[in-house]
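Okay, so here's the structure we're looking at.
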Amino acid sequence: MTKFQIILTAVFGMFIIIGMVAFSMYRGTSVQKLSPVTIWGTVNQKSFNDFLSVAQGESSNSALNVTYVQVSEASFEKTLVEALASGRGPDAVLLPHTMVLKQAERIVAIPYTSLPERTYKDTFSQEAELYLTSGGIIGLPFIVDPLVLYWNRDLFSAGFVATPPKYWSDLSTIVPKLTRKDERLNITKSAIAMGAYNNVDHAKEILSALMLQAGTPITRFSGSTLQSELATSFGEVGYVPAQSAVDFFISFSDTSKPTYTWNRSMPNAKDAFVAGDLAMYIGTASELSEIRSKNPNLNFDIAMLPQVKPGNNSQASTLTYGTMYGLSVLKMSRVVTATFASIIELAGSGNVPALVQSMNLPPVRRDLLAVTQPDPYKTIFYNSALISRGWLDPDPIASDAIFNTIVQSVTTGRLSTQSAVSKAGQELRILINQ
């Protein structure tokens, strides 16, 4: 390390210590407010403000002085760049893990001398390790929104299916029982929405979950360099996990197979589920309130995302895909010390329960995930949070187009699965290097 780097690391270490000491002492009848801190993020404005109102409390017993601004995910990059250029940018950002890589150069990494890697891993669930870099920690994990399986109890009963699938292989017998067709063989009731892309909510996340379960990390660091693993073979000679995942995903739109239950002319998957025409919907934990409000009479339940059956694949892992949100301090903040102190407090065990309550999402702290939940839905969400995984995305919008092209190329017959995945791997590699 250069002399400058050593000094910089020591300074930021001091910021963390100052923040921790400040909040260990602020419990009292009269506390001086920290400097105002502005956080920009993609999380819902009302939900986060509800959390802040609890976390900041009354002015006499909280040192926090935080303002949150919601910015559209689609325009976040452009809006942030313009604001920073004009000196109007925020002090910190609250972003999904898929967006943090694009902002890494603007983020102040927390040095391991201030927050040891061992302490970090013991505190947060495994997906939080996405924020660990060779240069330090680029985000404090906040909440996670895992994929779960919503299932229609009435349609399951009508098909004489007792329980939701625990393993993906169970779908081979369940899907034909739940799919209904009219006299012209048009699908009137679908078992599950997979096989197409544009009308399947979270298609990229579902494919990611299948690929991660099958054994590919999609992207990963080799030293300090991020590399694409999308088309890489693992374990058995010639076994490419991503190809297996794509073949399984598109099988549900293959008219020649008994599991045919979905196609690209069908309505949006979530709308079909809310209308009672889709037996299983793979969605996020955050969608529970929306589904309830859109159809209060819908008789549904929630289960864990299905897994690869043990023994079917030696490379398989038990996991679901989760969108993790983390807090990061920006280098251009004029109040770095106050910002560090604020995000440490916001992400602390004392405030996270209020966040869980306001957003109806599971936490990422292991101590809170270990608490038994009386709500059966929260039990599913908390268990899913523990096994949630993700991957560092160089450009969420561009990579979504890559995943879309994989599905479209294979389902239309333009490319074989092997060729489509190989091409996508090359495109993802180019995206990383841009």
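Of all heavy-atom pairs between Tyr68 and Thr42, the closest is OH-N, 3.5 Å. In this structure, Tyr382 and Leu368 approach most closely via the heavy-atom pair CE2-O, 3.5 Å. Closest of all the heavy-atom pairs between Ser399 and Pro396 is OG-O, 3.2 Å. Nearest heavy atom pair, residue Pro176 against residue Pro258, reads CG-O, 3.6 Å. Minimum heavy-atom separation, Leu346 to Ile39: CD1-CD1, 3.9 Å. A pairwise comparison of heavy atoms in Ile432 and Gln227 identifies CD1-C, 3.8 Å as the closest pair.
The distance from the CD1 atom of Ile343 to the CD1 atom of Ile110 is 5.0 Å, given to the nearest 0.5 Å. Atoms CZ and CG, from Arg365 and Asp367 in turn, are 4.5 Å apart once rounded to the nearest 0.5 Å. Summarising the geometry, atom OG belonging to Ser342 is positioned 8.0 Å from atom CG belonging to Asn65; distances are rounded to the nearest 0.5 Å. Here Met359 contributes atom CE and Ser286 contributes atom OG; the two are 8.0 Å apart, rounded to the nearest 0.5 Å. Residue Leu361 holds its CG atom at 4.5 Å from CG of Asp145, rounded to the nearest 0.5 Å. Here the straight-line distance linking atom CD1 of Ile282 with atom CG of Leu210 works out to 7.0 Å at 0.5 Å rounding.
When each of Val329, Val364, Ile344 is tested with Leu140 by the rule side chain to side chain contact (heavy atoms under 4.5 Å, CB included), just one qualifies, namely Ile344. The one candidate from Lys189, Lys270, Arg180 that meets the salt bridge (Lys or Arg N to Asp or Glu O under 4.0 Å) condition with Asp277 is Lys189. The one candidate from Tyr131, Phe51, Phe124 that meets the ring-ring contact (aromatic ring centres under 6.0 Å, His included) condition with Phe142 is Phe51. With Met324 as the partner, the side chain to side chain contact (heavy atoms under 4.5 Å, CB included) test is satisfied by one option alone out of Pro146, Pro96, Ser125: Ser125. Screening Thr379, Leu288, Ile291 against Ile302 for a side chain to side chain contact (heavy atoms under 4.5 Å, CB included) leaves a single residue, Leu288. Each of Thr411, Asn404, Asp400 was scored for a side chain to side chain donor-acceptor pair (under 3.5 Å) with Tyr197, with one residue passing: Asp400.
Taking 4.5 Å as the limit, every side-chain heavy atom of Thr323 sits out of range of all side-chain heavy atoms of His202. At least one side-chain heavy atom of Leu80 sits less than 4.5 Å from a side-chain heavy atom of Leu330. The shortest distance between side-chain heavy atoms of Thr216 and Leu212 does not fall below 4.5 Å.
Panel note: side chain Ser422, backbone Gln418; no donor-acceptor pair is recorded below 3.5 Å. Side-chain N or O atoms of Thr119 include none that pairs as donor or acceptor with a backbone N or O of Leu115 at under 3.5 Å. A distance-only check finds a donor-acceptor pair linking the side chain of Glu287 to the backbone of Thr284 [under 3.5 Å]. At distances below 3.5 Å, not a single donor-acceptor pair connects side-chain atoms of Asp91 with backbone N or O atoms of Val37. For Tyr321 (side chain) and Gly390 (main-chain N/O), no donor-acceptor pair under 3.5 Å exists by modelled atom type. With hydrogens and angles disregarded, no donor-acceptor distance shorter than 3.5 Å links the side chain of Thr219 to the backbone of Ser228. The backbone N or O of Val175 lies less than 3.5 Å from a partner atom in the side chain of Thr179, making a donor-acceptor pair. In this structure a side-chain-to-backbone donor-acceptor pair under 3.5 Å is missing from Asn383 to Leu369. Formation of a donor-acceptor pair under 3.5 Å by the Thr320 side chain with backbone atoms of Leu147 is found in this model. With hydrogens and angles ignored, the 3.5 Å screen pairs a side-chain donor or acceptor of Thr133 with a backbone N or O of Gly135.
Other residues, nucleotides and ligands contribute more than 12 heavy atoms inside 6.0 Å of the CD atom of Gln70. Other residues, nucleotides and ligands contribute at most 12 non-hydrogen atoms within 6.0 Å of the NZ atom of Lys78. The number of heavy-atom neighbours closer than 6.0 Å to CD of Glu290, taken from other residues, nucleotides and ligands shown, is above 12.
Relative orientation of the Phe76 and Trp40 rings is perpendicular, given thresholds of 30° and 60° on the angle between their planes. Classification of the Phe248-Trp168 ring pair by plane angle, with boundaries at 30° and 60°, yields perpendicular. Between Phe300 and Phe273, the ring planes lie perpendicular to each other; the angle is over 60°, past the 30° to 60° tilted range.
No side-chain N or O of Asp271 forms a donor-acceptor pair with one of Tyr281 less than 3.5 Å apart. In this structure, a donor-acceptor pair under 3.5 Å is absent between the side chains of Gln243 and Asp247. Side-chain N/O atoms of Gln103 and Arg106 include a donor and acceptor closer than 3.5 Å. A donor-acceptor contact under 3.5 angstrom links the side chains of Ser416 and Ser419, judged on distance only. Looking at Asn268 and Asn199, their side chains never bring a donor and an acceptor atom within 3.5 Å of each other.
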Please walk me through it: do Ser157 and Asp154 pass side-chain contact (heavy atoms from CB on, under 4.5 Å)? CA-CA 5 Å; Ser157 296; Asp154 291 335; 5.5 Å; no
Let me see the working for Asn152 and Leu278 under side-chain contact (heavy atoms from CB on, under 4.5 Å), right down to the final yes or no. CA-CA 7 Å; Asn152 186 307; Leu278 178 64; over 6 Å; no
Does the pair Leu298 and Arg292 meet the rule for a side-chain contact (heavy atoms from CB on, under 4.5 Å), with working shown? CA-CA 7 Å; Leu298 188 66; Arg292 277 174 166 168; over 6 Å; no
Candidate pair Glu127 and His97, rule side-chain contact (heavy atoms from CB on, under 4.5 Å), full reasoning: CA-CA 9 Å; Glu127 188 178 1; His97 73 271; 3.5 Å; yes
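Under 4.0 Å is where a charged nitrogen must lie from a carboxylate oxygen, and between Lys204 and Asp393 at least one such pair does. In this structure, Glu229 pairs ionically with Arg220, as a charged nitrogen and a carboxylate oxygen lie closer than 4.0 Å. Between Asp182 and Arg184, no side-chain nitrogen of the basic residue sits less than 4.0 Å from a carboxylate oxygen of the acidic one, so the salt-bridge criterion is not met. In summary, Glu73 and Lys102 do not engage in a salt bridge, as defined by a charged side-chain N under 4.0 Å from a carboxylate O.
By the side chain to side chain contact (heavy atoms under 4.5 Å, CB included) test, Arg366 pairs with Gln126, sequence neighbours left out. In this structure Glu427 satisfies the side chain to side chain contact (heavy atoms under 4.5 Å, CB included) test together with Ile402, Lys423, sequence neighbours excluded. Partners of Lys46 according to the salt bridge (Lys or Arg N to Asp or Glu O under 4.0 Å) rule, which considers only residues two or more places apart in sequence or in another chain, are Asp50.
You'll find the ring centres of Phe156 and Phe160 outside the 6.0 Å limit.
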